[in-house]
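Structure first, commentary second.
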Amino acid sequence: MVVTRFAPSPTGYLHLGNARTAIFSYLFARHHGGKFILRIEDTDRERSKKEYEESLVEDLRWLGLDWDEFYRQSERFDIYRKYVDQLLEKGYAYPCFCTEEELERERREAELKKIPYRYSGRCRNLTEREVERLKAEGRPYAIRFRVPDGRTVVFEDLIKGKIAINVDDFGDFIIVRSDGTPTYNLVVVIDDALMGVTHVLRGEDHISNTPKQILIYKALGFEPPSFAHLPVILGPDRSKLSKRHGAVSVASYREEGYLPEALFNYLCLLGWTPPSGDREVFLKEELIEIFDLKDVNRSPAVFSVEKLRWMNGVYIREVVSRERLYEAALPFLKEAGYPVEDREYVMKVLELTRDAYETFKEMVIRLRPFFVDEVEIPENLMNPLRDARDVLSEFLKRLEGADLSSPDKVKEFVKGIIRDMNLKPRQVWHPLRVALTGEEEGVGVDILMSVLPKEKLRSRVERVLSCLG
RNA sequence: GCCCCCGUCGUCUAGCCUGGCCUAGGACGCCGGCCUUUCACGCCGGAAACGCGGGUUCAAAUCCCGCCGGGGGUGCCA
């Protein structure tokens with residue numbers, strides 16, 4: 001059975017890049033009818049925060065992901081200890097008493113001599129007596145993995161192909177910190193092995209960790225899983241997408257009024273190509289059906305808010321159901337302070353206007369005239385209105401007996417005025433729009449007139465007329 | 001510096017493995033037109049790319065070599 005996992009560290013909010021990794025891991029597992037695990041990698045107690053963990057889980061759920069198992073590494077330290085002992089016993093690891101200052105000095109020296117830095121291996125060959133003595137002195141110590149000399153670790157990456165790295169490129173690395181907590185490279189191996197993970201999907205920034213982990217797998221007698229290293233997501237300047245490029249957290253897109261379905265879909269298009277045709281809009285279920293690692297790209301992709309925005313528009317206007325649209329839009333309408341008690345009214349407005357905005361933030365602005373009591377007319381728009389006084393009074397005169405039950409009926413009604421007054425369409429529509437919305441552009445006036453109660457239409461126009469004197 | 005990864009329109013990409021069907025296809029964005037009560041939506045059209053240099057071949061985006069460019073890693077972070 002295929003088992004994948006998403007293993008974020010709770011040191012910040014869910015980043016778009018990590019979200020995509022999670023999505024690919026999820027799609028891959030679901031596609032193969034396998035298991036998807038969420039594992040919180042919080043071995044670094046200094047930087048891990050509970051609030052981040054909670055927001056991670058919330059964002060993942062919001063995106064539409066679900067998992068079969070959940071783990072927290074901070075609760076598994078006992079398990080790791082056993083394996084560390086095993087490595088120590090068999091000589092695959094050894095205690096290191098070097099202090100941070102000493103290591104810092106080594107690093108600086110290497111830099112000065114312009115040679116690549118590796119740990120010197122000073123504590124590598126301490127005798128048992130020396131170790132005992134140092135321990136007795138109460139000296140704190142970390143535990144390092146003993147990297148064999150001169151070996152080249154080769155693995156077949158499912159996306160990049162064959163990757164070979166000489167282990168001389170890195171020295172003996174730390175697997176347990178001097179405070180006793182295990183590090184990432186160790187626990188990721190133990191957990192993946194114990195949890196039966198068959199495919200590790202992660203960002204390509206982990207490629208250099210992979211040989212270290214393979215060494216540990218071997219030392220522990222585990223069979224390494226398959227690896228698939230996803231290309232990173234870049235910002236507009238082609239460097240790794242980060243805060244300085246703007247909003248990069250999933251949460252910020254939720255707050256901006258993006259649908260999770262659209263974000264999910266868009267993220268999939270970053271570095272993966274659907275196999276069939278030119279279609280790019282796919283529901284989660286379809287993505288599960290067609291997702292395949294062989295269609296994942298090798299090269300990094302630049303994140304484009306414009307395209308995300310476009311896709312969100314597609315979802316709003318033609319993909320999601322009216323119920324889903326209502327459910328997703330409601331919080332934004334509420335937050336704007338619009339009255340939303342009348343469910344039918346809100347539904348109707350949303351349905352008629354869904355092609356007029358691409359995010360819910362934009363919707364709030366666009367839909368203002370549908371929800372506020374009174375509209376303010378900017379001073380500069382009053383003058384043009386003055387010339388259309390007779391149009392407005394004619395409108396008022398005919399309003400009572402008019403059938404405004406649908407946008408089409410409204411069109412008929414307005415056409416009547418245009419015809420009878422012998423005017424151009426614009427000479428009637430424009431003043432009506434300004435009088436009813438206070439704006440010169442926006443959602444169709446026919447739509448507005450068909451949903452707003454007649455009393456409201458009347459009062460808005462009357463108010464304008466009285467202002468004009 | 002060293003190691004690793006990557007390189008087709010501005011961006012996401014198809015094509016590359018299995019050379020000719022590529023006058024390099026699609027999408028976002030952009031420009032123009034149509035529709036129209038403005039903007040938008042929709043429809044139609046357009047500009048826009050094989051990083052460079054060698055080779056192999058009748059023929060190269062596709063195969064080989066070199067260069068250049070970009071990115072990532074180089075932690076007692078993950």
Side-chain angles (χ1 to χ4, degrees), chain A residues 7-12 18 41-44 46-48 73 96 98-100 103 107 110-111 113-118 140-144 157 159-161 163-166 168-171 173-179 181-185 187-188 202-211 229 231-232 234 236-240 266 269-274 277-281 297-311 313 317-318 353-358 362 366 411 414-415 418 424-434 439-446:
Chain A
S9 62
T11 55
N18 291 135
E41 308 238 325
D42 55 351
T43 57
D44 186 347
E46 296 266 312
R47 307 201 308 159
S48 300
Q73 288 185 326
C96 171
C98 294
T99 63
E100 256 175 80
L103 295 172
R107 213 165 285 141
E111 200 163 323
K113 287 190 212 155
K114 294 206 163 122
I115 53 172
Y117 171 72
R118 288 171 48 188
Y141 62 94
I143 295 174
R144 285 184 188 269
D157 189 276
I159 291 166
K160 307 276 185 183
I163 295 178
I165 295 174
N166 191 308
D168 287 343
D169 295 339
F170 45 84
F173 55 92
I174 287 174
I175 55 176
V176 179
R177 299 184 186 88
S178 49
D179 68 358
T181 58
T183 65
Y184 166 72
N185 279 125
V187 296
V188 74
R202 55 180 18 167
E204 72 177 340
D205 44 339
H206 281 287
I207 288 180
S208 53
N209 285 323
T210 308
H229 288 97
V232 291
L234 270 27
D237 65 352
R238 302 203 75 88
S239 68
K240 198 172 171 181
Y266 173 71
L269 259 28
L270 241 38
W272 170 80
T273 311
D278 298 323
R279 191 147 81 97
E280 1 186 58
V281 179
N297 264 276
R298 268 192 293 274
S299 49
V302 174
F303 177 76
S304 161
V305 207
E306 289 79 29
K307 186 148 186 180
L308 202 212
R309 207 184 152 77
W310 163 78
M311 180 157 287
R317 80 179 83 94
E318 53 194 73
T353 62
R354 58 198 292 180
D355 61 3
Y357 39 84
E358 292 184 310
E362 192 189 347
R366 289 289 207 179
K411 276 182 192 141
V414 175
K415 269 180 194 158
I418 294 167
K424 287 193 165 54
R426 196 186 144 78
Q427 291 174 294
V428 175
W429 285 111
H430 189 70
L432 281 177
R433 169 183 295 284
V434 175
E439 284 158 20
E440 289 193 280
E441 55 177 62
V443 179
V445 193
D446 50 345

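Labels below follow one simple rule: chain letters A, B, ... track the order of the sequence lines, proteins then strands, and each chain is numbered from 1. Hydrogens, waters and symmetry mates are skipped; everything else that's a heavy atom, side chains included, is used.
- Figure legend. B:rC35 is base-paired to no nucleotide; pairs are counted as Watson-Crick or G-U wobble with both atom distances under 3.5 Å.
- Between the P atoms of B:rG10 and B:rC50, the separation comes to 8 Å (whole Å).
- Geometric assessment of A:Arg366 against the ring of A:Tyr357 yields a negative cation-pi assignment under the 6.0 Å and 45° thresholds.
- Rounded to whole Å, the distance from CZ on A:Arg118 to C1' on B:rG1 is 16 Å.
- Of all the heavy atoms in A:Arg433 and A:Gly444, the pair that sits closest is NH2-CA, 4.0 Å.
- A distance of about 23 Å separates the C1' atoms of B:rG20 and B:rG54, rounded to the whole Å.
- The gap from the C1' atom of B:rG42 to that of B:rC35 amounts to 8 Å, rounded to the nearest Å.
- Candidate nucleotides B:rC5, B:rG75, B:rG71 were compared by shortest atom distance to the side chain of A:Tyr117, and B:rG75 ranks first.
- Taking only side-chain nitrogens and oxygens, A:Arg202 never comes nearer than 4.0 Å to OP1 or OP2 of B:rA78.
- Residue side chain A:Asn209 reaches the base of B:rA78 through a donor-acceptor N/O pair under 3.5 Å, judged by distance alone.
- A straight line from CD of A:Glu280 to P of B:rC28 spans 7 Å, rounded to a whole angstrom.
- Listed pair A:Arg238 / B:rG10 fails the phosphate criterion, with no side-chain N or O lying under 4.0 Å from OP1 or OP2.
- When all heavy atoms are compared, the tightest approach of A:Val232 to A:Glu204 is N-OE2, 3.6 Å.
- Look at A:Ser178 and you won't find any side-chain N or O under 4.0 angstrom from OP1 or OP2 of B:rC76.
- The distance between atom CD of A:Gln427 and atom P of B:rU36, rounded to the nearest whole Å, is 17 Å.
- Distance noted for atom C1' between B:rA61 and B:rG15: 8 Å (whole Å).
- Ring-centre distance between A:Phe303 and A:Tyr266: below the 6.0 Å cut-off.
- The phosphate of B:rC76 (OP1 or OP2) has a side-chain N or O of A:Arg107 nearer than 4.0 angstrom.
- Salt bridge status for A:Arg47 with A:Asp42: absent, with no side-chain N to carboxylate O gap under 4.0 Å.
- Nucleotides B:rU23 and B:rC28, compared at atom C1', are 25 Å apart to the nearest Å.
- Nucleic acid contact for A:His229: none, since no nucleic acid atom lies under 4.0 Å from a heavy atom of the residue.
- In terms of phosphate contacts, A:Asn297 brings a side-chain nitrogen or oxygen within less than 4.0 Å of OP1 or OP2 of B:rA14.
- One P atom belongs to B:rA78, the other to B:rG73, and the distance between them is 15 Å to the nearest Å.
- For B:rG73, the OP1/OP2 oxygens have a side-chain nitrogen or oxygen of A:Lys240 closer than 4.0 Å.
- For A:Thr43, a side-chain nitrogen or oxygen approaches OP1 or OP2 of B:rA78 to under 4.0 Å.
- Side-chain atoms of A:Ser239 and A:Asp237 include a donor-acceptor pair closer than 3.5 Å.
- Within the 4.0 angstrom heavy-atom criterion, base atoms lie near A:Leu103.
- In this structure, A:Val232 and A:Arg279 both approach RNA chain B, and ranking their closest nucleotides by distance from the 5' end singles out A:Arg279.
- Rounded to whole Å, the P atom of B:rC63 lies 15 Å from the corresponding atom of B:rA14.
- Comparing the same atom, P, in B:rU62 and in B:rC16 gives a spacing of 12 Å after rounding to whole Å.
- Set against B:rG73, B:rG29, B:rU38, the side chain of A:Trp310 has B:rG29 as its closest nucleotide.
- Checking the phosphate oxygens (OP1, OP2) of B:rC41, no side-chain nitrogen or oxygen of A:Arg317 falls inside 4.0 Å.
- In this structure, A:Trp429 counts as stacked on the base of B:rU37 under the 5.5 Å centre distance and 30° plane angle limits.
- Here the side chain of A:Lys307 is nearest to one of B:rU38, B:rC4, B:rC12, namely B:rC12.
- With respect to A:Glu358 and A:Arg317, a salt bridge is recorded, a charged nitrogen being found less than 4.0 Å from a carboxylate O.
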